[in-house]
Amino acid sequence: ERLDIGRREFRLLEILLSRPGVVVGKEQLMAQLFSFDESVSTNALELYVSRLRRKLEGAALEIATVRGVGYVARITDGG
């Protein structure tokens with residue numbers, strides 16, 4: 001099924017899927033998603049994660065939060 005996602009959502013998914021099952025820290029994600037001249041908070045990252053999760057509902061992929069650390073992509077049963 002085709003998924004309509006934005007550039008940063010795609011990049012976020014790409015980063016997480018390049019290391020499935022491995023926790024990727026928020027700071028690392030921030031550095032890879034946003035340029036140094038952009039003034040953004042971790043709230044922006046959380047917004048992209050939230051949007052991506054919503055778009056992936058029902059897929060065999062989960063983006064889980066590791067509290068205080070970051071996020072991890074996990075393959076699920078799709079249900």
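Any value given below was found using the heavy atoms of this structure, including those in side chains, with hydrogens, waters and symmetry copies removed.
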Check the pair Ile5 / Leu12 against side-chain contact (heavy atoms from CB on, under 4.5 Å), numbers first and verdict last. CA-CA 10 Å; Ile5 61 175; Leu12 174 60; over 6 Å; no
Look at the side-chain heavy atoms of Ile, Leu, Val, Met, Phe, Trp and Tyr, link any pair under 4.5 Å apart, and say whether [X] and [Y] land in one connected group.
X     : Y     : value
Ile15 : Ile75 : yes
Leu17 : Ile63 : yes
Leu47 : Leu29 : no

I need the [X] [atom1] to [Y] [atom2] distance, nearest 0.5 Å.
X     : Y     : atom1 : atom2 : value
Leu33 : Lys26 : CG    : NZ    : 13.0 Å
Arg11 : Arg8  : CZ    : CZ    : 11.5 Å
Glu27 : Leu45 : CD    : CG    : 9.0 Å

Taking side chain as C-beta onward, heavy atoms only, is Tyr71 less than 4.5 Å from Val24? no
Does any non-hydrogen side-chain atom of Val72 lie less than 4.5 Å from one of Thr65? no
Heavy-atom closest pair, residues Ala64 and Arg74: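 Heavy-atom minimum between the residues: CB-NH1, 3.4 Å.
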In this structure, are over 12 heavy atoms from other groups packed under 6.0 Å from Gln32 atom CD? yes
Are Arg51 and Tyr48 in a cation-pi contact, defined as NZ or CZ under 6.0 Å from the six-membered ring centre and within 45° of the axis?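 Yes, Arg51 and Tyr48 form such a contact.
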Could you please spell out the steps behind the salt bridge (Lys or Arg N to Asp or Glu O under 4.0 Å) verdict for Glu62 and Arg53? CA-CA 7 Å; Glu62 170 191 38; Arg53 282 179 174 152; over 6 Å; no
Name the residue from Leu52, Leu16, Leu13 that meets the side-chain contact (heavy atoms from CB on, under 4.5 Å) definition with Leu61. Leu13
Taking Asp4's backbone N and O only, do any of them form a donor-acceptor pair with Lys55's side chain (distance below 3.5 Å, no angle check)? yes
